[in-house]
Amino acid sequence: MEMDIDEDSRTKEGNPVLVILVGAPGSGKSTFCEEVMRSSTRPWVRVCQDTIGNGKAGTKAQCLSSADRALKGGKSVFIDRCNLDRVQRSEFVNLGSGPQIDVHAIVLDLPAKLCISRSVKRSGHEGNLQGGKAAAVVNRMLQKKELPKLIEGFNRITFCQSESDVKDAINTYSALGPLDNLPNGCFGQKSPDAKIQVGIMRFLKKSEVPVDTASRDDSIKESTSQTHGNVDPCCKDIEKVSSIPDNAYLESKEVQGRAVGSTSSNANQDAPTLAFPSISTSDFQFNLEKAADIIVDKVAEFSNKIGNARLVLVDLTHKSKILSLVKGKAAEKNVDPQKFFTHVGDITHLYSTGGLQCNVIANAANWRLKPGGGGVNAAIFNAAGSELENATKEKAKSLSPGNAIVVPLPSSSPLFTREGVTHVIHVLGPNMNPQRPNYLNNDYNKGCKILQEAYAALFEGFVSILRTQVEQTNVRNENLGNQSLVLQNKSECCYKNHFTNTDQKSKRDADHGSEKSKKYKGTQDDFGSTFTDSRDEKVDSEHRRTDGSMNKAWSSWAQALHQIAINPEKHKDVLLEISEDIVVLNDAYPKAQKHVLVLARTRGLDCLADAQNEHLQLLKKMHDVGLKWAEKFLHENASLVFRLGYHSVPSMRQLHLHVISQDFESKHLKNKKHWNSFNTAFFRDSVDVMDEISSHGKATLKDDDKLLSMELRCHRCRSAHPNIPRLKSHISNCQATFPAHLLQNGRLVNASGEPNNND
């Protein structure tokens, strides 16, 4: 496995530790802190919400501020609060987002009976939580217990489920000197999905509890016997007792409808996750600073493309310098910690040893795609068994630097059955080691470009897996919807509005996409898809994020342009031009006499919404190439006029520029959407796009669906027409001058081969 150890860290002081205690009142959190601080040689600060306000109860904000000051002062910190759910813990975990702070959790998961007994019997408690009222509070707080997991951002979690476990943990932290660090991972957890302890209400019956609490006992017990999720509507959260001071449960929120015995679920814990090692920084000796910059830049670029999925950089040791660098740079760049974080562990045992579920892992492969060679490559092939080697052979025989290949992992593989890994993505980066193949002789200009391409290919492979999963889910949902509709028609109940308009529209669009893919008979890509950008399908608002970038699951037929741009050598027979940055081809369903597409070859640049300042030079090159082809066509037919531009929301994946003649003489121009996609504000002129990105860093998207359903109007005289045949008949004879806005800023290219400028 690739591993980079910061040698200097061996002689420095150990990292400050932020220890977040997790446990109900009476579990012994304060006692734990006092025991450790009494005997430890490490400087500790205890932050307790019960006493944060000059010895009185304070606020969570005060706790955060105090902990932050202590950590910045190089001290280790105990967070002495209940912290029973992820929401309560998250802000404290974020205090450790810097590269030199270890975040630990101590889970005092002691029996409920013991916690209640301690709380009821104690006196002089800092938060005044004692006596009979304590039982009700402990009960309520345990109802929302959510055990912590490493994916929340913890480096280490210790579970204590007995008093002897607590004593062992106290001894461990008491012995932690100023120069020491503890190993990372999960320790002592007997049941990762442990639910709230059953039997708490039986104990409450015997306790001195408020009358209203006891009266609810039967209804709560009844709800615990029900199937998870089907809570008795009569069962509400135990009400607050007026005599209990507010500071006794400052952390708790009102939890209604959740019975004892249920467990909180965190959707993000089940999110699709890619775990990847640092590429090229170990055996290939790539500069760590440069590699860290590239990792963070690419993570930031792709984090908007992966929905709720996550990216995790993995290395074997907490002394890994690349992890430290990346963690710091990600924090500086404000990368969302819910979508990207670092993790210490063996990439082949993330779930079985640390509880981190990663359905996709990346392999730092060799060019032969063979086992061996040590490091990550050897570890993954060994853990996955012969199944991975055989599956890889079916996909490819070799891999060139800067590329990646997705390999579905057979279910018989040990890595699949033990760790839940469904795909391995082989990726090959640049080599700066003269003893290894493809040595770049320290050419970091070329090396950085290859490493950027490698990470782009890796993350693009992950995105393709996500899209496939979305498509499969949509198919299953549609089948379920069809079955429901059949049952509905047979039912005597008249639920005529069972399916919402959105459901119906989604189904129509799916049917339309299927129909479209069947009728295409042009050149096909590796998936059997035909390339075109003719807008035969509906552009739906649910396909767009609020920030304008695309969030649609591209169907297989919509991937064709992407496949051509990434692998042009497989499509040479249909390409008009190939270069390092772009390819040019005819639209398979042209909407005019001359209609070509100029495709960007940059990975991750799916549509206009993805274009930023860094892509400006590429956009200018695409425009220049488009002008060159317009001039070529004008040489052949001087009567033509051309317009260059982009669709605000394309139907095909991979950014492409339309170079289209304004005659619109084509049998493929059949409906209102075809016409309006080129003759309303939905079509963004290339010159305007370049100006906007140069000035504002992004293009304005005119993506209102209403634009595609506007009445048909001539693009010259703006006269209205009832249907496409009538419109085509009119424009074939219309000699009116183009609208003034098209005659400005070079938006039209005329017979002289020059942009038409009438400013």
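The residues of the chain are indexed from 1 along the displayed sequence.
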Just do the side-chain contact (heavy atoms from CB on, under 4.5 Å) check on Leu458 and Leu274 with the steps written out, would you? CA-CA 10 Å; Leu458 168 62; Leu274 165 66; 4.1 Å; yes
Would you say the side chain of Phe159 lies within less than 4.5 Å of the side chain of Asp165, judging by non-hydrogen atoms? no
I'd like to know whether Arg69 forms a side-chain contact (heavy atoms from CB on, under 4.5 Å) with Val45, so could you lay out the CA-CA distance, the side-chain angles of the two residues, the decisive distance to 0.1 Å, and finally the verdict. CA-CA 10 Å; Arg69 286 195 304 272; Val45 171; over 6 Å; no
Inter-residue atom distance Asn287.CG - Leu451.CG, 0.5 Å rounding: 10.5 Å
Under 3.5 Å, is there a donor-acceptor pair linking the side chains of Glu152 and Ser90? no
Could you check if a side-chain atom of His349 sits within less than 4.5 angstrom of a side-chain atom of Glu419, using non-hydrogen atoms only? yes
Are any of the side-chain heavy atoms of Ile79 and Cys63 separated by less than 4.5 Å? no
Supply the atom-to-atom distance Asp102 CG to Asn184 CG, rounded to the nearest 0.5 angstrom. 6.0 Å
Given Lys145 and Asp109, is the salt bridge (charged side-chain N to carboxylate O under 4.0 Å, His left out) satisfied, shown in steps? CA-CA 10 Å; Lys145 182 182 74 173; Asp109 193 24; 2.9 Å; yes
Residue pair Cys186 / Leu150, side-chain heavy-atom distance below 4.5 Å: yes
Taking the side chain as every heavy atom from C-beta outward, state whether Val326 and Phe340 have any pair of such atoms under 4.5 Å apart. yes
On the ring face of Tyr351, is Arg418 found with NZ or CZ under 6.0 Å from the centre and within 45° of the axis? no
Tell me the closest heavy-atom pair linking Ala362 and Ile380, and the distance in Å. O-CD1, 3.4 Å
Val344 and Ser320, any side-chain heavy atoms less than 4.5 Å apart: no
Give the minimum heavy-atom separation between Gly461 and Val406, together with the two atoms involved. CA-CG2, 3.7 Å
Any sub-3.5 Å donor-acceptor pair from Lys149's side-chain atoms to Phe154's backbone N or O? no
Trace of the salt bridge (charged side-chain N to carboxylate O under 4.0 Å, His left out) decision for Arg81 with Glu91: CA-CA 13 Å; Arg81 300 170 77 249; Glu91 291 182 81; over 6 Å; no
Can a donor-acceptor pair be found between the side chains of Thr273 and Gln357 at a distance below 3.5 Å? no
Can any side-chain N or O of Arg42 pair as donor or acceptor with the backbone N or O of Asp180 at less than 3.5 Å? yes
Would you please say whether a donor-acceptor pair under 3.5 Å links the side chains of Arg46 and Thr51? no
Near-ring test Phe276/Phe459, centroid separation under 6.0 angstrom: yes
Please test Asp297 against Lys329 for salt bridge (charged side-chain N to carboxylate O under 4.0 Å, His left out), starting from the C-alpha separation and ending with a verdict. CA-CA 9 Å; Asp297 286 345; Lys329 292 176 185 292; over 6 Å; no
Heavy-atom closest pair (Ala404 atom, Ile425 atom, distance to 0.1 Å) is CB-CG2, 4.0 Å
Taking everything shown except Lys60 itself, do over 12 heavy atoms lie less than 6.0 Å from its NZ? yes
Within this structure, what is the CD1-OG distance for the pair Ile106 and Ser27, rounded to the nearest 0.5 Å? 11.5 Å
Tell me if a side-chain donor or acceptor on Asn181 pairs with a main-chain N or O of Asn15 at a distance below 3.5 Å. yes
Take the angle between the ring planes of Phe32 and Phe78 and call it parallel below 30°, perpendicular above 60°, tilted in between. perpendicular
Side-chain heavy-atom pair Glu35, Ser174 within 4.5 angstrom cut-off: no
Tyr173: side-chain hydrogen bond (donor to acceptor under 3.5 Å, both in side chains) partners, not counting sequence neighbours: His104
Straight-line distance of Lys327 NZ to Gln100 CD, nearest 0.5 Å: 8.5 Å
Just jot down the side-chain hydrogen bond (donor to acceptor under 3.5 Å, both in side chains) partners of Thr422, sequence neighbours excluded, or say none. none
Carefully, step by step, assess Ser66 and Val47 under the rule side-chain contact (heavy atoms from CB on, under 4.5 Å). CA-CA 7 Å; Ser66 178; Val47 176; 3.9 Å; yes
For Leu350 against Ala275, the heavy-atom pair lying closest together: CD1-CB, 3.5 Å
Quick check: does any side chain N or O of Arg156 sit under 3.5 Å from a backbone N or O of Pro183, one acting as donor and the other as acceptor? yes
Check whether any side-chain heavy atom of Glu163 sits under 4.5 Å from a side-chain heavy atom of Leu114, and report yes or no. yes
Give, for atom SG of Cys82 and atom NZ of Lys29, the distance between the pair rounded to the nearest 0.5 Å. 4.0 Å
What's the shortest heavy-atom distance between Pro414 and Ala384, and which atoms? CD-O, 3.3 Å
Distance-only, no hydrogens or angles: does the Thr392 side chain make a donor-acceptor pair with backbone N or O of Leu388 under 3.5 Å? yes
Look up atom CD1 in Ile116 and atom CG in Leu110, then write down how far apart they are to the nearest 0.5 Å. 12.5 Å
Quick one: closest heavy-atom pair of Gly307 and Lys339, and the distance? O-CE, 3.1 Å
